[in-house]
Every structure is written in C-alpha cells, then in structure tokens.
Amino acid sequence: MALTPRLDLRGGRDCWQDDPKSLPQADGRPETRVDLAIVGAGISGAMIAERFTEIGASVVVIDRRLPVTGSTAASTALVLWAPDVPFVEHVERYGQDGARARWHAVFDAVERLGRRVDRLRLDCGWTARPDLYLAGKRLDARALEHEGEARWAAGLPTRRLGAGEVEDEFGVRAEGALVSEGAYQADPVALARSLLRQAQRQGATLLYPVDVVALVEVDHQVTLELDDGSKIRASRVVIATGYEVEGEIPPGFLLGSSYAFATPPGELAAWRQGAIIWEASDPYLYLRSTADGRIIVGGEDEDFADPKRRDALIPAKVRRLVDKARSRLPAVDFHIDCAWAATFGSSEDGLPAVGLRRGKTRIFSAHAFGGNGIAFAALAADILVRAVDGAPAATDGFFDPDRFR
C-alpha cells in the first residue's frame, strides 16, 4: 500500500501550458543518508526543497507522479496574505493579539517569497497586484468597513472604498471593498518547476515516478520504504502531498471541490490595475487576469470530493460562475476557453497544517489547506527551517496540524 491515498485530484482542462521541456529531470538515488526527504513535488515540496538546499542541507524530493502534476496544476495562483476566514472572525476565535500574530505570519511569508522570486529571477509570471476584497454575503458593506478598521489597527496595509469609489478606481460593481497591497499572481506550474530546478542546482535529488509505501522512525533517523523495495534514510521527513493526506485527515480540516474557467488569451483587460478580485462570501467568487491576457474566474466550492460527482458539475458550475462574474463586470462577455474542477482543502480557521505529525519527532506535515496554497507553502518553508534549526517562532505552533483536537 502507498503511504498516502491516490486521489483523482482534478478534472476538465486547466489553462496552464504544460511544456515538456520545463519538466525537471529525474536524478539517481542518493547513496547516503540525507538531511531531509520531502514526499511530494508540488508547490509545497518545491518551496521547501529550495529553502533547505540554499542553507546547505542534503535533500531528496520524491513523487509518484511527474513533478507538479497534482493539485498545483489546478491552482489559480492568487498569492494573497489574507486567508479565507475574515480577520474579525479570527479575533473572535483567537483574540486580537492571536489574530494579528497569525495574519502577520502569513503576510511576512508572502513578502519574503516575493523578494525570493525576484532575487532568483524565476520565470513564472510573478506580478504584484492589488487585492480587491468585495462586500458580499459573509461581510456586507458595513461589516466590511469593520473588517478594514480591524486590519488597519493590526498594522495590515488595507484601505476601504465605498461603492462609487470601487467602480471609479477599478471598474467593478460592489457595495464596498477593501484594497490591500502585498498580493501577487503567478503561473503555479512554472513557479513550482522553477523552484525544483533551483533546488537541483543547489544539490537536491529529485526522484519520480517513485512511490513511498512506509515511513519508519527509529534511532534518530527515518527510513523511507519505496515501492520497488529499496530504502532511503533521512534525518527528517516532510510529507508535502497536498490533499492526499497520510492516514486520517485531522479534525478541523475538510476536503471539498472547487471550480474555475479561463477565457482565451489575448483579450483586453476587463477592469483596472489588474486587481485580484474576490468576495466576502462563502463560497466566494474570484477573478484575476494572466500575463497572456486571460481572465480566470473561480469559486462555487462544494463540500464533497468525489471526483465523478465533482467533474459532472463542471458545465453547470461554469454557467453559474459566468453569471456571478457578469454581476460584477456587466460589460464583459466571458468566452470559455478551458474549464476545470479540482479537489480542494479547507480548515476551520482558513489556515494550513504545518508541523510535526502526531506522536512523531522527525516527521513533519506541510499541507496547505485553505485558499492560499502558494502563500501557505512559503509559510511552511519558513516554519520548517526554523524547526530544524531549533529556533521556532512563537507563532509556529498556531499552524499545528492537530490544533483543533
């Protein structure tokens, strides 16, 4: 049996160009014990591998698929520091200081990631964009005003716009909105593969298609048993397998389904400043543009993950997304070039699961449950580097996989 379940993670056709030339080459197996073994070669595994190899750790990344062909390939790559759960709801759950600490941890991780992408000169369409958060059913205009005040008091770069101001500044219909800086967009496949190649240049070993069937932690090391009967020994292991979670999904986390479509490339901008648009609703609508002139529209999440049922809903979900998008941008005629559905993870607080696995001392989880997969991958890399260095931040335990038990 495999270490994690093999799920049908996506259906339909996404809009990212899968260039075979961009696929990182597989390497030979390491002959000695490595410092870190990472199970999963998606965005989280790639981010963690690049960080650890930069500080001189010996790293092996293992995936049973081709790299970046799981959930990352279905991502719409909105790199936001604001989680799906509003700040005011985090204040109710964790208190003012607890909410502030959690949001700043993600904010700081995204800021560091932006600098890292620039420094490494990764060719992945990485572009800074305003984050435009529209009043919706979860937070109406008055509640959104309170949300903005709470964020500003917490030191988060957010300003409020009234209905007329949203249309004047961005060309979008809304009763009100919050505008935040520090958000980005990217091509998720190009970003993850660029990070994997950078990790290889820094000494990482990439193995695929290879399946891990068991982990045995004993005598200050972890033995990874592979599907061909061979073994790899590592000082530590990170399980970064996305929504294919080892064992039982911890309480407070849930698998569901999400939907998206993209217009053909080369269309004129439909709103101003190329803002990343999303609603204070549940489920929420979101829109963004791409470097090649597409509009990506997504949302309409469901709380089931059955792939046949999920994919059967793609046509109906696309029609619903078009209607919702037109309510915000009535002058736009949304032509459909590609449409897809994907398994999606969420959590009670909209934050990821990062930290030691229950009962283990050398096996970590890095699962980016929530709507901000790339931001949470960057956060996971920060947390894990600190954990291995023996200098965790006070906030790191806030993202523990078992925090809801």
Side-chain angles (χ1 to χ4, degrees), residues 1-4 6 22-72 116 120 122 189 191-242 244-246 354-357 360-368 377-378 380-389:
M1 291 183 63
L3 178 69
T4 64
R6 183 186 288 269
S22 72
L23 187 68
Q25 295 298 307
D27 300 307
R29 308 221 172 154
E31 296 180 358
T32 59
R33 188 172 91 171
V34 297
D35 297 321
L36 182 69
I38 301 169
V39 185
I43 187 62
S44 293
M47 199 91 66
I48 295 163
E50 193 281 323
R51 285 291 302 279
F52 272 87
T53 52
E54 187 192 49
I55 61 174
S58 56
V59 174
V60 59
V61 184
I62 306 169
D63 203 306
R64 60 185 170 211
R65 297 182 176 90
L66 299 181
V68 201
T69 56
S71 295
T72 302
R116 194 172 204 84
L120 295 174
L122 302 182
V189 172
L191 174 60
R193 289 186 174 177
S194 295
L195 286 166
L196 284 173
R197 287 193 298 274
Q198 180 67 21
Q200 285 181 298
R201 286 191 289 269
Q202 294 169 176
T205 298
L206 177 59
L207 301 182
Y208 68 87
V210 177
D211 209 354
V212 178
V213 298
L215 300 176
V216 181
E217 180 182 339
V218 66
D219 294 335
H220 307 293
Q221 72 175 13
V222 183
T223 299
L224 297 88
E225 299 179 0
L226 308 182
D227 56 357
D228 63 359
S230 63
K231 298 179 180 180
I232 294 176
R233 291 173 175 81
S235 297
R236 292 175 176 84
V237 172
V238 173
I239 302 173
T241 52
E244 294 175 320
V245 179
E246 179 194 6
V354 184
L356 280 169
R357 287 193 61 80
K360 304 298 182 181
T361 61
R362 292 180 174 272
I363 303 174
F364 296 84
S365 291
H367 295 292
D382 288 347
I383 291 172
L384 294 171
V385 166
R386 290 193 291 262
V388 171
D389 282 347

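Here the straight-line distance linking atom OG1 of Thr205 with atom CD1 of Ile62 works out to 9.5 Å at 0.5 Å rounding. In this structure, OG on Ser365 lies 8.5 Å from CG on Leu356, to the nearest 0.5 angstrom. To the nearest 0.5 Å, atom CD1 of residue Ile363 and atom CD of residue Glu217 are 4.5 Å apart. Atom-to-atom distance recorded for Met47:CE and Phe52:CZ is 13.5 Å, nearest 0.5 angstrom.
The shortest heavy-atom contact between Leu36 and Val238 is CD1-CG2, 3.7 Å. Between Ala366 and Leu384 the shortest heavy-atom distance is CB-CD1, 4.2 Å. A pairwise comparison of heavy atoms in Leu23 and Arg193 identifies CD1-NH2, 3.5 Å as the closest pair. Closest of all the heavy-atom pairs between Gly28 and Leu207 is O-CD2, 3.7 Å. Of all heavy-atom pairs spanning Asp63 and Gly42, the tightest one is OD2-N, 4.3 Å. When all heavy atoms of Pro67 and Leu196 are compared, the pair lying nearest together is CB-CD1, 3.8 Å.
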Q.
Working note: Arg233 + Val222, criterion side-chain contact (heavy atoms from CB on, under 4.5 Å); need CA distance, chi angles, decisive distance, verdict.
A. CA-CA 6 Å; Arg233 291 173 175 81; Val222 183; over 6 Å; no

* Asked: Would Leu122 and Leu195 satisfy side-chain contact (heavy atoms from CB on, under 4.5 Å), going step by step from the backbone distance to the final call?
  -> CA-CA 8 Å; Leu122 302 182; Leu195 286 166; 3.7 Å; yes

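Looking at residues two or more places apart in sequence or on another chain, you find a side chain to side chain contact (heavy atoms under 4.5 Å, CB included) between Ala387 and Phe364. Scanning for side chain to side chain contact (heavy atoms under 4.5 Å, CB included) contacts around Asp228 gives Arg29, Leu226, Ser230, with sequence neighbours left out. Partners of Ala234 by side chain to side chain contact (heavy atoms under 4.5 Å, CB included), not counting sequence neighbours, listed by chain and number: Val34, Ala37, Leu224, Val237. Scored by the salt bridge (Lys or Arg N to Asp or Glu O under 4.0 Å) test, Asp219 finds no partners at all (sequence neighbours excluded). In this structure Thr32 satisfies the side-chain hydrogen bond (donor to acceptor under 3.5 Å, both in side chains) test with no other residue, sequence neighbours excluded. Every residue two or more places apart in sequence or in another chain that forms a side-chain hydrogen bond (donor to acceptor under 3.5 Å, both in side chains) with Glu244 is listed here: Arg64, Arg65. With sequence neighbours excluded, no residue satisfies salt bridge (Lys or Arg N to Asp or Glu O under 4.0 Å) with Arg33. For Arg116, the salt bridge (Lys or Arg N to Asp or Glu O under 4.0 Å) partners at least two apart in sequence or on another chain are Glu50, Glu54. Listed by chain and number, the residues in a side-chain hydrogen bond (donor to acceptor under 3.5 Å, both in side chains) with Glu225 amount to none (sequence neighbours excluded). Under the salt bridge (Lys or Arg N to Asp or Glu O under 4.0 Å) criterion, Arg51 pairs with Asp382, sequence neighbours left out. Legend: residues meeting side-chain hydrogen bond (donor to acceptor under 3.5 Å, both in side chains) with Thr241, ordered by chain and number and at least two apart, are absent. In this structure, the side chain to side chain contact (heavy atoms under 4.5 Å, CB included) partners of Ser44, at least two apart in sequence or on a different chain, are Ala240, Ala368, Ala377.
Although no hydrogens or angles enter the test, the distance criterion places no donor-acceptor pair under 3.5 Å between the side chain of Asp35 and the main chain of Ala57. Using a distance-only test at 3.5 Å, with no hydrogens or angles considered, a donor-acceptor pair links the side chain of Asp27 to the main chain of Leu206. No donor-acceptor pair under 3.5 Å is formed between the side chain of Thr72 and the backbone N or O of Val68.
At a cut-off of 3.5 Å, with distance as the only test, no side-chain donor of Gln200 or Arg197 sits close to an acceptor on the other residue.
Proximity of His220 to Arg362: side-chain heavy atoms (C-beta onward) are separated by under 4.5 Å at one or more points. Counting heavy atoms from C-beta on, the side chains of Thr223 and Leu215 never come closer than 4.5 Å.
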